[in-house]
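Hydrogens, waters and symmetry mates are skipped; everything else that's a heavy atom, side chains included, is used. The sequence lines fix the lettering, A, B, ..., with proteins before strands; numbering per chain opens at 1.
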Amino acid sequence: MSKISRRKFLAGSVAGGAAVMMTPAQKSFAAGSFEGFPEGMGVLVDLTRCVGCRTCEAACNLEQKLPAPALPFDDTSVFDEIKHGQKRRTTDKAYTIVNRYEPKGADEPLYRKIQCNHCNEPACLTSCFVNAYKKTPEGAVIYNSKVCVGCRNCMIACPFHIPAYTYHSAINPVIKKCIFCYDTRLKEGKPPACVESCPQQVMTFGKRKDLMKIAHERIKKNPGKYVDHVYGEHEVGGTGWFYLSSAPFEEAGFDTSLPKEPIINNVKDFLAIVPMVLTIWPALFTGFHLLATKGKSHGHGDDHSHDEQEGH
Amino acid sequence: MVNAGKQLMTGLGVLLLISILAMSCYAMDVFPDEVEIDVLENLYEGVAFDHAMHVDATENCSVCHHHTTGTGVESEYCAKCHDGEKEMDSVSCQNCHSADPVSAENLHNPKPDYIYHDDKPNLKAAYHLNCIGCHKEVDGPTGCEDCHAKTEAGDKFYHSGEFAPKESAKGSGH
């Protein structure tokens with residue numbers, strides 16, 4: 001058995017070679033080409049169903065043990081709040097919020113729930129240099145506050161402006177955001193608190209790939225009701241939470257200028273050069289220098305060999 | 001005698017016709033005048049649903065009951081498979097719309113009816129989408145507390161009523 005025949009060796013090397021050839025194609029986990037875990041969960045958000053009751057906000061507050069709100073959750077005056085020229089945003093005390101929009105030509109307002117979209121290839125994750133973020137196989141983008149150094153790179157990287165910062169904490173400020181109720185629910189296969197609380201089932205929880213089919217079916221079954229686009233199917237490489245709307249998405253506050261590719265692709269080419277510059281260039285140019293200066297050691301006052309030459 | 005017999009037959013015929021018409025309108029022999037919807041009672045109290053009024057208002061049971069009451073089919077989508085001519089054993093909302101359709105069990109082992117009714121709303125949504133959807137069109141009540149009063153648990157959940165934030169007057173400040 002210990003002897004390897006020539007035939008076995010050849011067969012083995014062919015199989016090994018084939019395996020090497022196949023592996024990258026099958027996995028394709030390289031940055032920028034990851035299309036999400038196949039069994040990853042997602043949420044389909046149908047804006048046409050939302051009535052702006054804010055029950056999801058209350059459910060999130062309770063589930064995530066967040067501090068009491070400034071106003072009751074059934075107070076709709078928050079829809080008129082404008083801070084720094086913008087509608088409400090997610091904060092370290094509210095991981096999800098609902099905003100009201102008035103699309104042109106529509107009879108009634110459109111409400112939009114905002115929370116982390118749990119990207120297939122999250123920009124927050126790729127921007128984090130302490131590896132605090134993780135995309136779990138269940139589909140959640142979670143983070144480890146213990147290793148967060150509070151650099152806020154993720155806040156700048158996120159195309160949806162989701163991660164918030166505990167600015168009030170002077171000693172250990174950290175990032176806070178929606179985690180898909182990973183610890184308390186998703187891990188056990190349960191939907192997040194906001195989804196379960198919604199009276200209108202604005203949000204449907206399930207496997208991302210199944211929900212995507214349902215999203216397109218809804219568009220097909222109800223001609224004229226929806227814009228023929230699923231926001232988040234391809235945006236920034238695909239998101240775990242994606243949206244259907246009756247009005248053009250930009251009129252409901254969505255950023256429709258986002259690329260279809262993950263954010264990391266913007267800098268991937270540049271980042272690939274960095275190791276080359278740092279490792280190959282010094283050796284390469286030292287080599288060039290040595291070659292160029294070989295045998296012409298005159299004129300260098302601080303050169304050792306020069307010193308020796310001068311010595312004799 | 002002959003006349004009387006003929007009259008009787010005619011009378012019976014008319015009665016039969018009326019009853020057939022009545023049956024086709026309200027295929028169920030008996031339907032409740034009021035339905036107490038309290039199965040999901042938690043943050044809000046149950047709803048005393050005036051079924052009789054809604055039967056009069058919609059005129060066709062299929063507007064809400066899809067294809068189960070033997071009164072035909074309203075939705076084109078349902079009509080692809082169902083003609084709605086036969087009254088089914090289960091006509092109540094909760095017989096088909098599960099209160100917990102997103103249980104881990106359902107998600108990982110889809111039941112056969114999930115393949116065809118794969119986008120069926122859960123019970124809470126079935127009520128609200130149906131009620132509010134129609135009420136928007138006919139100017140019916142659409143606010144939460146127009147239909148059911150908030151419970152104490154609800155006030156606690158929404159931080160409203162006696163659980164309202166103390167500084168709510170200046171709370172919205174920047």
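The most heavy-atom pairs under 4.5 Å with chain A, out of Leu129(B), Thr142(B), Leu43(B), Ile132(B), come from Leu129(B). Among Glu57(A), Lys213(A), Gln200(A), Arg49(A), the residue with the largest count of heavy-atom pairs under 4.5 Å with chain B is Gln200(A). Most heavy-atom pairs under 4.5 Å with chain B, from the set Ile214(A), Leu44(A), Thr55(A), Val51(A): that is Thr55(A).
Within 6.0 Å of CG in Asp80(A) there are more than 12 heavy atoms belonging to other residues, nucleotides or ligands. Residue Lys87(A) qualifies as enclosed at atom NZ: its count of foreign heavy atoms under 6.0 Å is above 12. Annotation: Lys124(B), atom NZ; neighbour count of heavy atoms from other residues, nucleotides and ligands within 6.0 Å is above 12. Counting heavy atoms of neighbouring residues, nucleotides and ligands inside a 6.0 Å radius, atom CD of Glu152(B) does not exceed 12 of them.
Every residue meeting the salt bridge (Lys or Arg N to Asp or Glu O under 4.0 Å) condition with Lys136(B), not counting sequence neighbours, appears here in chain and number order: Glu108(A). For Lys209(A), the salt bridge (Lys or Arg N to Asp or Glu O under 4.0 Å) partners at least two apart in sequence or on another chain are Glu39(A).
Within the structure, no pair that satisfies the salt bridge (Lys or Arg N to Asp or Glu O under 4.0 Å) test touches residues 69-86 of chain B, not counting sequence neighbours.
Exactly one of Arg218(A), Lys221(A), Gln201(A) qualifies for a side-chain hydrogen bond (donor to acceptor under 3.5 Å, both in side chains) with Asp119(B). That residue is Arg218(A).
The shortest non-hydrogen separation linking Tyr158(B) to Cys53(A) is CE2-O, 4.4 Å. Between Phe73(A) and Phe157(B) the shortest heavy-atom distance is CD1-O, 4.1 Å. Closest approach of Pro165(B) and Pro69(A) over heavy atoms only: CG-O, 3.2 Å.
Contact residues of residues 95-107 of chain A toward chain B are absent (heavy-atom distance under 4.5 Å).
For Asn61(A), the part lying near chain B is the side chain, with the backbone staying farther off; criterion is any non-hydrogen pair under 4.5 Å.
Separation of atoms CG (Asp75(A)) and NE2 (His159(B)) is listed at 13.5 Å; rounding is to 0.5 Å.
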